[in-house]
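Working notes for the structure below.
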Amino acid sequence: MLLCDEENLEKRKAVWAALSDLFLDTDVELSYEYIARVCAESSFTLEELKEILENEVAPVCSKNFLNIAGEWTGFDEEWLECNIKVRIQARKSMFKVLFNPLENFGFYLYIEKHWKKLEPIIIQKRKAD
């Protein structure tokens with residue numbers, strides 16, 4: 001993923017914000033329509049959206065589940081952008097490249113569960129447009 005151009009960054013920021021709602025300390029299924037709408041309106045393919053979820057959003061936002069008083073109203077978008085950028089830069093190191101799949105393993109089932117429900121909604125919304 002390249003963040004070198006401003007246009008790509010702007011496209012991603014809306015998707016980051018929407019997908020981050022999956023990691024709030026609330027009933028995230030209530031946010032499916034919003035998340036699916038933002039994803040459907042983006043220019044990213046389904047595969048790219050899932051990759052953004054797994055490799056950019058989840059590693060930063062999943063830590064919210066470890067907090068006793070986790071965020072439930074929404075992540076600050078500046079915080080989210082900053083932390084995802086730092087994560088992307090750190091991921092470029094050889095250690096991170098080799099061990100990144102292990103890092104998200106604990107949340108793989110959680111992500112898959114929600115993605116399997118979101119994907120058909122995104123497809124439906126794209127067909128409706």
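All figures in this text were calculated on a predicted structure; none of them were measured in a lab. Each residue takes its place number in the sequence, starting with 1. All heavy atoms count here, side chains included; hydrogens, waters and symmetry mates do not.
- Between atom CG of residue D76 and atom CG of residue N83 there is a gap of 10.0 Å, rounded to the nearest 0.5 Å.
- Between E33 and R37, no side-chain nitrogen of the basic residue sits less than 4.0 Å from a carboxylate oxygen of the acidic one, so the salt-bridge criterion is not met.
- Within the 4.5 Å cutoff, no side-chain heavy atoms of L22 are placed close to those of W115.
- Y110 OH to F23 CZ: the interatomic distance, rounded to the nearest 0.5 Å, is 6.0 Å.
- The pair E10-K13 meets the salt-bridge criterion, with a side-chain N (NZ, NE, NH1 or NH2) lying under 4.0 Å from an Asp/Glu carboxylate O.
- The two residues V15 and S42 make their nearest non-hydrogen contact at CG2-CB, 3.8 Å.
- How far CG of L19 is from CD of E54: 11.0 Å, rounded to the nearest 0.5 Å.
- Looking at heavy atoms from C-beta onward, F75 lies out of side-chain contact with V57 at the 4.5 angstrom threshold.
- Atom SG of residue C61 and atom CG of residue L24 lie 8.0 Å apart, to the nearest 0.5 angstrom.
- Side chain of Y34 to backbone of D21: no donor-acceptor contact under 3.5 angstrom is found.
- Taking OG from S20 and CD1 from I84, the interatomic distance works out to 7.5 Å, rounded to the nearest 0.5 Å.
- Between R12 and E56 there is a salt bridge, with a side-chain nitrogen of the basic residue lying less than 4.0 Å from a carboxylate oxygen of the acidic one.
- The line from NZ of K117 to OH of Y32 is 4.5 Å long, rounded to the nearest 0.5 Å.
- Two residues are said to be in side-chain contact when any heavy atoms from C-beta on lie closer than 4.5 Å; K50 and C39 fail this criterion.
- Salt-bridge formation is not detected for the pair K11/E48: no Lys NZ or Arg NE/NH1/NH2 atom is positioned less than 4.0 Å from an Asp or Glu carboxylate oxygen.
- The two residues R87 and N55 make their nearest non-hydrogen contact at NE-O, 4.2 Å.
- Other residues, nucleotides and ligands place more than 12 heavy atoms under 6.0 Å from the CD atom of E29.
- Closest approach of K125 and A40 over heavy atoms only: CB-CB, 3.7 Å.
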Open item on the list: Please evaluate residues L9 and W16 with respect to the criterion side-chain contact (heavy atoms from CB on, under 4.5 Å), reporting the C-alpha separation (whole Å), side-chain torsions for both, the decisive distance (0.1 Å), and the verdict.
Closed with: CA-CA 10 Å; L9 175 61; W16 288 341; 3.9 Å; yes
